[in-house]
Amino acid sequence: VQLVESGGGLVQAGGSLRLSCAASGFSLDYYGIGWFRQAPGKEREGVSCIIISDGSTYYADSVKGRFTVSRDNAKNTVYLQMNSLKPEDTAVYYCAAKSGYYYTVSCMISRENADYWGQGTQVTVSS
């Protein structure tokens, strides 16, 4: 069972990146999926999640209108499209999965209850 993120990098303010989170060893159909980030010296915070059952999405206020989460069922992969990036978006980004029906119909995955984490991908936004 594994989550593998990719797509991070260095970008100038105002630029875009697309992060990928590929699941192997299990189907995302039965998991709640969330994106989190952790900046140096700060706690890991929730950024976005997608409700598997109906595709509904949630965004933290700090990224609303700039980030978009989506899913490719055939590839068992979740994406985070990040536009209009700001220096304060600089962090290591993680995807996480939480098993259970309740988490497939709600955005209740958290840093405390996630079952699986990816290795993280660094996003650095220069001013």
Side-chain angles (χ1 to χ4, degrees):
V1 174
Q2 199 173 13
L3 292 171
V4 178
E5 298 107 335
S6 60
L10 173 64
V11 64
Q12 289 188 330
S16 299
L17 286 171
R18 189 177 80 154
L19 306 183
S20 299
C21 173
S24 62
F26 66 101
S27 170
L28 293 178
D29 288 345
Y30 307 105
Y31 287 77
I33 302 298
W35 283 98
F36 298 78
R37 66 185 182 187
Q38 188 166 18
K42 295 188 177 181
E43 290 188 342
R44 191 169 298 187
E45 63 175 356
V47 174
S48 179
C49 76
I50 184 165
I51 296 177
I52 297 301
S53 61
D54 65 4
S56 298
T57 55
Y58 161 84
Y59 301 95
D61 288 343
S62 58
V63 306
K64 200 172 295 182
R66 301 187 297 121
F67 290 13
T68 303
V69 62
S70 63
R71 179 191 175 195
D72 186 327
N73 293 344
K75 295 183 179 180
N76 210 29
T77 298
V78 174
Y79 302 98
L80 186 67
Q81 177 68 44
M82 306 185 297
N83 299 329
S84 302
L85 283 161
K86 305 175 181 180
E88 51 264 44
D89 294 319
T90 295
V92 178
Y93 284 72
Y94 300 88
C95 63
K98 173 65 180 176
S99 66
Y101 173 77
Y102 176 68
Y103 297 95
T104 67
V105 297
S106 66
C107 269
M108 295 305 294
I109 184 172
S110 70
R111 65 174 187 255
E112 292 84 11
N113 67 24
D115 292 325
Y116 304 113
W117 290 92
Q119 82 285 0
T121 185
Q122 177 70 47
V123 171
T124 303
V125 184
S126 62
S127 57

Extract all donor-acceptor atom pairs below 3.5 Å that involve side chains of residues 103-111 and protein atoms in other chains or at least two apart in sequence.
from, atom 1, to, atom 2, distance (Å)
T104, OG1, Y101, O, 2.7
S106, OG, Y102, O, 2.7
S110, OG, E112, N, 3.3
S110, OG, E112, OE1, 3.2
S110, OG, N113, N, 3.3
S110, OG, N113, ND2, 3.3
R111, NH1, R44, O, 2.8
R111, NH2, E43, OE1, 3.0

Is it true that a side-chain atom of N76 and a backbone atom of A23 form a donor plus acceptor pair closer than 3.5 Å? yes
Which heavy atom of G118 sits nearest a heavy atom of Y94, and at what distance? O-CD2, 3.6 Å
Test log, rule side chain to side chain contact (heavy atoms under 4.5 Å, CB included), inputs S48 and V63: CA-CA 8 Å; S48 179; V63 306; 5.5 Å; no
So do R37 and S62 actually touch side chain to side chain, heavy atoms under 4.5 Å? yes
Test L28 against R71 for side chain to side chain contact (heavy atoms under 4.5 Å, CB included), laying out the working first. CA-CA 9 Å; L28 293 178; R71 179 191 175 195; 3.9 Å; yes
Do the ring planes of F67 and Y93 sit parallel (below 30°), tilted (30 to 60°) or perpendicular (above 60°)? tilted
Between V69 and I33, is a side chain to side chain contact (heavy atoms under 4.5 Å, CB included) present by the stated rule, with each step listed? CA-CA 10 Å; V69 62; I33 302 298; over 6 Å; no
Taking every non-hydrogen atom, the tightest pair across Q122 and V92: OE1-CG2, 3.2 Å
Could you give the distance from CG (D115) to CH2 (W117), rounded to the nearest 0.5 Å? 10.5 Å
Single-linkage hydrophobic cluster W35~L85, side-chain heavy atoms < 4.5 angstrom: yes
Between CG on residue L17 and CG on residue D89, distance to nearest 0.5 Å: 10.0 Å
Could you tell me whether D61 and K64 make a salt bridge, using a distance below 4.0 angstrom between a side-chain N and a carboxylate O? yes
Any side-chain heavy atom of M82 within less than 4.5 Å of one from R66? no
Please tell me whether V47 and V78 are part of a single hydrophobic cluster in this structure, the criterion being side-chain heavy atoms less than 4.5 Å apart. yes
Could you give me the CA-CA distance, side-chain angles and deciding distance for I51 and Y58, then say whether side chain to side chain contact (heavy atoms under 4.5 Å, CB included) is met? CA-CA 8 Å; I51 296 177; Y58 161 84; over 6 Å; no
Examine Y79 and Y116 and state if one hydrophobic cluster contains both, with Ile, Leu, Val, Met, Phe, Trp and Tyr joined whenever side-chain heavy atoms are less than 4.5 Å apart. no
For N83 and S16, work out which heavy atoms get closest and say how close. OD1-OG, 2.9 Å
F36 versus G46, closest heavy-atom pair with distance: CD2-CA, 3.5 Å
Please set out all donor-acceptor pairs under 3.5 angstrom arising from side-chain atoms of residues 1-15, sequence neighbours excluded.
from, atom 1, to, atom 2, distance (Å)
E5, OE1, Q119, N, 2.8
E5, OE1, G120, N, 2.7
E5, OE2, C95, N, 2.7

